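No experiment lies behind these values; they were computed from the predicted model shown.
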Amino acid sequence: MTVQDQSINFPNTCMLRPLEVPFRYLFGPGPSNVPPRILAAGGRPIIGHMHSEMFGIMNDIKKGIQYAFQTSNNMTLAMSGSGHTAMECAVFNIVEPGESVLVAINGIWGERVAEIAERMGAKVHTLFKTPGGHFTNAEIEQALAKHKPVLFFLTHGESSAGLVHPMDGVGDICHKYNCLLLVDSVASLGAAPLLMDQQNIDILYTGSQKALNAPPGTAPVSFSERACHKMFNRKTKPVSYLLDMTHLSNYWGNDGKPERIYHHTGPVSGFFALRESLAILAEMGLENSWSHHTEIAEYLWKGLEDLGLKLFIKDKDLRLPSVTTIAIPEGYDWKELLAYIMKHHRIEFTGGLGPSVGMVLRIGLMGYNCNKANAAMALAALEDALKQCRKSKA
């Protein structure tokens, strides 16, 4: 039978229509709206992922991440994938099957890391708090002394609860017990102070789509010398070929070898956008970015309290500036509130995530979206929804 004799299916009619994408104000926990400058960077003509010019752009990205993280680590790069990719890369490369891992769980991200480590054969131990809780250094030290892990995970910006975790002293305690410190800063980078080298963080990662305002799909990560020693002196290969830092370190020109060897095709347009987003952060300055996010967050917090709403994180110093959590107002259906705001205001807020579902509403104002006009728009939309949505009599 020849090709001409075959019966060919017709394409679905949806593929014969132009792409339609609605405009939305993305005031949730991410992704955030992408500014025109970054959209334009991502729309530049494609070049080859192994071209010398591409390597130059990747070198720029490395320098931009080093500034954003406040680190001099050579082993600094961006993963081809979301923040979860960097999360898995860290665990897969540092931990070997049978080794002990300690995970601080006070929201969804600790839950995810615990599952990832368990899946690859680690002995997982956990420190647990309900959403909104944080861990004292004494609690962390006690658990480190008990379990003797090779890796301790802590979320700096727990977006599911709206909490920014204190970091001072944690790295020192980890090193006292010969343990590496892995920190998630996906929701906090650029919005809350974090100093990788000064705070003795061994592995730090973030995502492109929050305060950096690039499209989702790239994830900066950095490894300290201590982490590299553990990572490159393994007895077994990492469980993932794609995330194997032996190959990725070469692809990013971090292994000292004169030639970069093909490993995978990186997201060229995504790297263009990430490079531009890091340039914008560098132009603004980290300290200015931190103070700006705090200023707008405080404006939002006051407005929410003026509406009679309760902020989920009571301690102002523990509130994540980029993602504000509101206790669900009594008598309201939180899903109805969110649906009303989306329908009538084209604004995305979200409910909780993982263990915080049914507990909170979340408003995110990050990077490009972080200004008083957007905060006022968010407050007006929420006030309207509270007036228009049904409130139960119970």
Side-chain angles (χ1 to χ4, degrees), residues 15 18-19 21 31-69 71-90 92-93 186 189-190 203-210 212-223 228 231-232 237-283 367-368:
M15 299 311 301
L19 172 67
V21 180
S32 53
N33 292 102
V34 180
R37 176 174 162 185
I38 296 176
L39 285 173
R44 295 268 185 136
I46 291 286
I47 59 175
H49 63 290
M50 299 295 288
H51 290 183
S52 60
E53 294 86 353
M54 191 68 226
F55 294 157
I57 291 168
M58 293 165 72
N59 291 341
D60 289 349
I61 290 171
K62 176 179 174 178
K63 295 297 184 185
I65 296 170
Q66 287 173 327
Y67 172 71
F69 283 6
T71 184
S72 60
N73 292 337
N74 173 61
M75 200 57 64
T76 299
L77 62 151
M79 302 301 300
S80 302
S82 70
H84 278 81
T85 314
M87 180 189 288
E88 290 203 328
C89 175
F92 288 171
N93 282 276
V186 171
L189 187 82
I203 310 107
L204 179 65
Y205 67 86
T206 193
S208 57
Q209 75 277 16
K210 309 279 187 171
L212 288 178
N213 291 140
T218 56
V221 63
S222 184
F223 297 83
C228 288
M231 183 164 59
F232 295 128
K237 291 183 178 181
V239 295
S240 170
Y241 180 87
L242 178 63
L243 305 182
D244 188 337
M245 281 298 298
T246 303
H247 302 299
L248 290 172
S249 62
N250 174 265
Y251 179 45
W252 280 84
N254 293 340
D255 64 353
K257 295 181 179 178
E259 186 178 1
R260 302 193 197 194
I261 307 299
Y262 169 76
H263 172 247
H264 74 284
T265 304
V268 172
S269 296
F271 286 156
F272 291 171
L274 178 62
R275 192 265 182 208
E276 201 68 8
S277 71
L278 290 165
I280 290 172
L281 179 62
E283 290 165 10
Y368 180 62

| remark: Residues passing the salt bridge (Lys or Arg N to Asp or Glu O under 4.0 Å) test with E88, sequence neighbours excluded, are none
| note | In terms of heavy-atom contacts, T218 and P267 come closest through CG2-CG, 4.0 Å
| Mind checking whether L204 and T71 have side chains closer than 4.5 Å, heavy atoms only? | no
| query | Which pair of heavy atoms, one from P31 and one from P216, lies closest together, and at what distance? | reply | CB-CG, 3.9 Å
| field | Pairwise distance CE(M79) to OG1(T206) - rounded to 0.5 angstrom | value | 14.0 Å
| If every non-hydrogen atom of A282 is compared with every non-hydrogen atom of Y67, which pair is closest and at what distance? | CA-CE2, 3.8 Å
| task | Report the distance from atom CG of L278 to atom CD of Q66, rounding to the nearest 0.5 Å. | result | 11.0 Å
| So how far is it from N213 CG to L274 CG, rounded to the nearest 0.5 Å? | 11.5 Å
| message | How close do A68 and L281 get, counting heavy atoms only, and between which atoms? | response | CB-CD2, 3.7 Å
I'd like a table of donor-acceptor pairs (distance under 3.5 Å, sequence neighbours excluded) in which one partner is a side-chain atom from residues 40-53, with atom names and distances.
unit_1 : atom_1 : unit_2 : atom_2 : d
H51    : ND1    : G48    : N      : 3.1

| message | Would you compute the distance between atom NZ of K62 and atom CH2 of W252 and round it to the nearest 0.5 angstrom? | response | 10.0 Å
| query | So do the side chains of M245 and C89 get within less than 4.5 Å of each other, counting heavy atoms only? | reply | yes
| query | What's the shortest heavy-atom distance between V34 and A214, and which atoms? | reply | CG2-C, 4.1 Å
| field | R37 and I280, any side-chain heavy atoms less than 4.5 Å apart | value | yes
| request: Step by step, work out the side-chain contact (heavy atoms from CB on, under 4.5 Å) result for K210 and S32. | output: CA-CA 6 Å; K210 309 279 187 171; S32 53; 5.5 Å; no
Side-chain donor-acceptor pairs of residues 258-265 under 3.5 Å, sequence neighbours excluded:
unit_1 : atom_1 : unit_2 : atom_2 : d
R260   : NH1    : Y251   : O      : 3.1
R260   : NH2    : N59    : OD1    : 2.9
H263   : NE2    : Y241   : O      : 3.2
H264   : NE2    : S80    : OG     : 2.7

| Is the shortest heavy-atom distance from the side chain of F272 to the side chain of I38 under 4.5 Å? | no
| Can you find a pair of side-chain heavy atoms, one from P36 and one from Y368, that are under 4.5 Å apart? | yes
| field | Value rounded to 0.5 Å, distance of NZ in K63 from CZ in R275 | value | 13.5 Å
| field | Side chain to side chain, I61 and I65, heavy atoms closer than 4.5 Å | value | yes
| request: Give, for atom OH of Y205 and atom CZ of F223, the distance between the pair rounded to the nearest 0.5 Å. | output: 11.0 Å
| message | Side chains of N73 and S222: any donor to acceptor distance under 3.5 Å? | response | yes
| query | What pair of heavy atoms forms the shortest contact from V221 to I203, and how long is it? | reply | CG2-CG2, 4.1 Å
